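Report on one structure; see the data block that follows.
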Amino acid sequence: MTTTFAELTTMRVGGPADEFVAVRETAELVEVVKHFDAKKVPVLIMGDGSNLVVGDAGFRGAAVQVRTSGVVIDGGRVLADAGALWDSVVVATIESGLGGLEPLSGIPGSTGATPVQNVGAYGALVSTFLTHVTAYDRHDGVVLEIPLNDCGFGSHRKSLFKRNPRYVVLSVGFELPRTGESQPIAYAGLAQRLDVEVGDTVSVAALREAVVAMRTERAMVLNPADHDTWSVGSFFVNPVLHEVPARASECPKYPDVAGTKLPAAWLIENAGFPRGYGADWGNGRVQLSSRHTLAVTNRGGATTSDVMAFAAHIRDGVEEAFGVRLGPECDLINCSFDDPPPTVGI
Ligand SMILES: Cc1cc2nc3c(=O)[nH]c(=O)nc-3n(C[C@H](O)[C@H](O)[C@H](O)COP(=O)(O)OP(=O)(O)OC[C@H]3O[C@@H](n4cnc5c(N)ncnc54)[C@H](O)[C@@H]3O)c2cc1C
């Protein structure tokens, strides 16, 4: 039976690749990528497919699944292989008496993908305690240690690695405080849940518990039985604008180094797309999550074309209402609801 991206991604859509290769050792990962590059075979690096949507025609090339798994904790230093499951790394740090990563509990996917879009949740970002990324540079054919300051973090969800096939993340290093106490809580809803004030701290274990509970309620923890989690999490990225159109003046605004950030969830909801929207639109196989308007979800049997048509419909409604054009937060390979599809190359 041919393997397809529908089986390997959390949105559960997408056709086959010419070849799927799962790699369990870091040295092997570098060799495999070098091998395909030498043969000029297009390469798609993937972790757990939780931020990836691939076209119905699939991918003409090799999809390399990073399945390395080592995690070394030495004092406050943590070095995790790219393939290590992110949430297992969070748990291991908490069990070792370290704090800092607990607000990022429950985020699906691999550790190597976390710097790609500088994953974040509940007011925390993975870059805060990251020290370096070790990556294979496909352009120069060398392994590099890239320090935090060269990782290109800054504007929302941006990094040196985002939509940049030049770098294959091999491992990620962190330096974490040795504390059983959380960082000051930055997210009002989380503080409320814990019955404390924004800026207060609680035990690291209590913070993880609250985050996992809140994520579970919003279907932001993977659960194969729950179609609200058949998604990529936030499908649309929060737009960062130089100038906010007058029509969007009532939207909450947050400062960003590149301009003003608007919450895409607010724009979607206020453009007339409530939670669960989509049952009566198109074939109904793609809908907004019933618990979170930013998540575009597969209700079963959807194709990538269905997802793209639905995403374009939401984007157009938001643009009509507020003059703001939404783009994807997830990575789209050989599919698009907007500009020409991105190509994969170095
Ligand atoms: C239910 C749900 C909840 C989510 N919640 C959040 C959240 O709270 N915050 C958040 O930020 N994200 C969230 N996400 C998105 C997703 O979990 C993260 O982006 C995650 O880091 C993706 O990891 P992955 O291994 O699945 O990456 P994949 O989907 O396999 O890949 C994503 C991108 O990273 C690239 N990539 C992957 N591994 C490597 C590597 N080793 N080297 C170079 N490039 C690589 C791929 O080429 C692709 O472009 C959520 C997703 C789901 C389904």
Side-chain angles (χ1 to χ4, degrees), residues 5 8-12 14 22-23 26 29-30 32-33 42-54 59 61-68 80-87 89-90 103-127 133-138 146 151 156-172 187 211-212 214-224 226-238 289 291-292 294-298 328-333 342 344 346:
F5 285 96
L8 297 174
T9 59
T10 54
M11 185 66 97
R12 300 177 190 230
V23 180
T26 299
L29 173 56
V30 173
V32 162
V33 174
V43 171
L44 171 60
I45 302 292
M46 62 184 293
D48 295 323
S50 64
N51 209 25
L52 198 57
V53 180
V54 181
F59 177 67
V64 177
Q65 293 174 273
V66 182
R67 289 283 176 259
T68 53
D81 282 349
L85 191 66
W86 171 250
D87 198 46
V89 175
V90 175
L104 305 175
S105 292
I107 297 180
S110 62
T111 302
T114 60
V116 172
Q117 68 159 3
N118 192 8
V119 301
Y122 300 105
L125 291 169
V126 82
S127 56
V133 168
T134 304
Y136 173 60
D137 176 348
R138 292 170 66 195
I146 305 172
C151 287
H156 182 63
R157 294 283 174 267
K158 293 273 168 55
S159 82
L160 173 67
F161 316 103
K162 184 79 178 169
R163 300 190 180 125
N164 181 0
R166 176 169 173 170
Y167 298 102
V168 180
V169 176
L170 304 177
S171 64
V172 186
Y187 188 81
V211 164
V212 171
M214 285 176 75
R215 293 186 68 93
T216 305
E217 283 165 16
R218 300 181 80 204
M220 291 303 268
V221 174
L222 291 178
N223 172 2
D226 182 354
H227 281 281
D228 276 340
T229 76
W230 291 28
S231 75
V232 287
S234 304
F235 187 92
F236 297 101
V237 70
N238 292 330
S289 160
R291 286 172 279 171
H292 178 12
L294 253 191
V296 170
T297 65
N298 176 356
E329 176 173 305
C330 56
D331 282 343
L332 305 179
I333 304 293
V344 175
I346 308 174

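None of the values given here were measured: they were computed from a predicted structure. As the structure lists them, so they are numbered: ligands from 1, and atoms in each ligand from 1. This chain uses plain numbering: 1 for the first residue, then up along the sequence.
For Thr114, the side-chain hydrogen bond (donor to acceptor under 3.5 Å, both in side chains) test picks out no residue, with sequence neighbours left out. In this structure, Ser234 has no side-chain hydrogen bond (donor to acceptor under 3.5 Å, both in side chains) partners at least two apart in sequence or on a different chain.
Ranking the protein heavy atoms by distance from atom 16 (C) of ligand 1 puts Ser50 OG, 3.3 Å first. Among protein heavy atoms, the minimum distance from atom 39 (C) of ligand 1 is reached at Ile45 CG2, 3.6 Å. Closest to atom 48 (C) of ligand 1, if we only count protein heavy atoms, is Asp331 OD2, 3.4 Å. Looking at atom 42 (N) of ligand 1, its nearest protein heavy atom turns out to be Val169 N, 2.8 Å. In terms of protein heavy-atom proximity, atom 27 (O) of ligand 1 is nearest to Ala113 CB, 3.4 Å. Taking atom 32 (C) of ligand 1 as the reference point, the nearest protein heavy-atom neighbour is Asn51 CB, 3.9 Å.
The closest non-hydrogen atom to atom 10 (C) of ligand 1, taken over Ala121, Gly233, Gly120, comes from Gly120.
Annotation: Asp48 places an N or O atom under 3.5 Å from an N or O atom of ligand 1; distance criterion only.
Remark: ligand 1 atoms within the under-4.0 Å shell around heavy atoms of Leu52 are 29 (O), 48 (C). Remark: ligand 1 atoms within the under-4.0 Å shell around heavy atoms of Met46 are 30 (O). Within ligand 1, counting atoms from 1 as listed, the ones closer than 4.0 Å to a heavy atom of Arg215 are 3 (C), 4 (C), 5 (N), 6 (C), 7 (C), 8 (O).
Residue contacts with ligand 1 leave out Arg163, since none of its heavy atoms falls under 4.0 Å from the ligand.
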